[in-house]
Structure formats: C-alpha cells, structure tokens
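Predicted, not measured: the structure shown is a model, and the values here were computed from it. Both backbone and side-chain heavy atoms feed into the values below; hydrogens, waters and symmetry mates do not.
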Amino acid sequence: MSGALGVLRVAAVNLDGVLLEDSFSPVIYRVLAAYGVAYSRELESAVLSQPRRVAAGVLARAIGSSAGVGWMTGVYFAERERYLREHPVSLTPGAVELVGRLRGLGLEVVCYGGLGERHFERYLGAWRQLFAGPGYVCTDGFRPGIGEIVRGCFGLGRSQVLFIDDVARFAAQARVARVPFIGHLPNPADALAACERAWLSCQCRMQR
C-alpha cells in the first residue's frame with residue numbers, strides 16, 4: 001500500500017451484520033412484538049453493540065418487566081433459536097472476498113462480535129486461516145472493544161487499525177476514539193472502494 005493507506009496494519013471486521021447476515025435486529029423486533037411493544041430504530045440502537053446484560057436491561061424496561069436481566073436474556077435467546085430455525089444464519093454476499101481483498105492490501109484481518117468464539121467457528125471456521133492474531137475477539141465483556149483490539153491484540157496505535165461495522169452506536173464510538181472506520185455497505189466488497197475515502201477523512205479530523 002502507499003499514501004494514506006500505508007499506515008494501516010490491521011482491519012477489524014464485525015461478524016454479525018457485516019460478514020454474516022444480521023440475525024439480531026429481527027429477533028429484537030420479534031421479542032418486542034410478542035409483548036406488544038412497537039419497534040423503533042432508537043430502541044434498536046439502545047440494544048445493539050451493548051454488553052449482553054445492558055441490552056437485556058434495555059429490553060426488559062421496554063416491555064415493562066421487572067423479572068431481571070437473566071430472565072430477559074433467556075427470553076431473547078429462546079426467540080433467537082426459533083428465528084434461526086426459520087432463517088438460518090448465512091454469509092453475506094462477498095464476505096470472504098472482502099477478507100481476501102483486505103489481506104491483498106497487506107492488512108492483517110481480525111473478526112470481532114458479541115457472541116462467543118463458537119459462533120465464529122461455526123460459520124467462518126473454514127476460513128480461519130485468513131484471520132490474524134486471535135482470529136476472533138468476543139467483545140461482550142468490554143464493548144465497544146476498540147482499545148482492546150488496537151492495543152491489547154496487536155499493540156498498535158489508533159490510526160493503524162481500520163474498523164468495519166454496521167451499527168450506528170459503534171460508528172459513534174469509533175468517531176470518539178478517532179480510529180479509521182467504514183460503515184457496512186450492502187455489498188461488503190464495496191467497502192474497499194470506500195476505504196481510502198474513510199481513511200483520508202479520519203486523517204483530516206486527527207489533524208484538526
């Protein structure tokens with residue numbers, strides 16, 4: 001790589017919603033609908049990319065339950081199992097190609113998400129050799145996980161790791177952390193075209 005992209009060393013790519021089709025938002029909708037609560041983008045935003053206990057607390061308050069986060073977590077994952085029986089998780093079109101092309105740019109690639117490593121292994125284990133460092137980082141215990149991935153996993157500076165995510169909350173946190181960021185696009189391969197523009201924009205912000 002040359003120019004502005006030359007400083008990048010790692011691409012950190014979110015698992016669910018970027019490499020895998022989103023299987024969280026539909027379940028949030030179904031849980032809320034089951035209790036007669038209207039779904040909204042604001043409520044979804046308050047749930048996604050949160051630690052599991054925090055997300056469960058938001059949902060419990062939304063449906064007016066005082067049963068606790070443990071109960072709400074159970075309700076959510078039971079509904080998720082039902083949803084996945086009808087709509088199995090699948091790779092997003094171009095997902096593996098995106099990882100390959102990022103590697104082709106000379107970047108190491110790591111994957112992250114809120115579910116345990118078994119989730120990653122089930123759907124991307126066949127391509128684990130494409131991922132560097134730990135391969136997958138579960139960020140449930142330390143959302144958003146930006147510092148843990150940048151410094152803890154790779155010992156790099158904030159300008160050296162590009163994050164690709166589909167959640168607005170994460171985008172806002174990436175902006176605060178001043179790390180290179182690309183929002184999820186309908187075709188993951190299009191992220192490559194946006195890469196240099198995003199990096200140049202980030203450089204401008206850092207120089208202000």
Taking every heavy atom of P180 against every heavy atom of L8, the minimum-distance pair comes out as CG-CD2, 3.9 Å
Listed pairs under 3.5 Å, donor-acceptor, residues 47-60 side chains, sequence neighbours left out:
from: Q50; atom 1: NE2; to: A46; atom 2: O; distance (Å): 3.3

Going by heavy atoms in the side chains, are H119 and L20 under 4.5 Å from each other?
yes
Before you tell me yes or no, could you show the steps for L124 and L130 under side chain to side chain contact (heavy atoms under 4.5 Å, CB included), namely the whole-Å CA-CA distance, both residues' side-chain angles and the distance that decides it to 0.1 Å?
CA-CA 10 Å; L124 282 168; L130 299 179; over 6 Å; no
Residue pairs passing the ring-ring contact (aromatic ring centres under 6.0 Å, His included) test where at least one lies in residues 60-96, sequence neighbours excluded:
Y83-H87
With sequence neighbours left out, write down each residue that passes side chain to side chain contact (heavy atoms under 4.5 Å, CB included) with S45, or none if nothing qualifies.
none
Can you sort out the partners of E86 under salt bridge (Lys or Arg N to Asp or Glu O under 4.0 Å), two or more places apart, ordered by chain and number?
R30
Distance-only donor-acceptor hits, side chain of residues 109-116, under 3.5 Å, sequence neighbours excluded:
from: Y112; atom 1: OH; to: D165; atom 2: OD2; distance (Å): 2.5

Set of residues satisfying side chain to side chain contact (heavy atoms under 4.5 Å, CB included) with respect to A62, sequence neighbours excluded
L32, L43
For the residue pair V10 and L107, what are the closest heavy atoms and their distance?
N-CD2, 3.9 Å
I need the minimum non-hydrogen distance between P144 and F170, along with the two atoms involved.
O-CE1, 3.6 Å
For residues A11 and L102, report the shortest heavy-atom separation together with the two atoms involved.
CB-CD1, 3.9 Å
Residue list, ring-ring contact (aromatic ring centres under 6.0 Å, His included) with F131, at least two apart or on another chain:
F120
Quick one: salt bridge (Lys or Arg N to Asp or Glu O under 4.0 Å) partners of E121, sequence neighbours excluded?
R128
Going by side chain to side chain contact (heavy atoms under 4.5 Å, CB included), name the residues that satisfy it together with E21, two or more places apart in sequence or in a different chain.
S90, T92, P93
ring-ring contact (aromatic ring centres under 6.0 Å, His included): pairs with one or both residues in residues 33-61, sequence neighbours excluded
Y29-Y39
Specify the closest pair of heavy atoms between N14 and D16, including all atoms of both residues, with the distance to one decimal.
ND2-O, 2.9 Å
Going by salt bridge (Lys or Arg N to Asp or Glu O under 4.0 Å), name the residues that satisfy it together with R151, two or more places apart in sequence or in a different chain.
none
Minimum heavy-atom distance S23-L84, with the two atoms named:
CB-CD2, 4.0 Å
Check the pair I63 / M72 against side chain to side chain contact (heavy atoms under 4.5 Å, CB included), numbers first and verdict last.
CA-CA 10 Å; I63 67 173; M72 191 73 247; 3.7 Å; yes
Can you list every pair that meets salt bridge (charged side-chain N to carboxylate O under 4.0 Å, His left out) and has a residue in residues 32-41, with sequence neighbours left out?
R41-E44
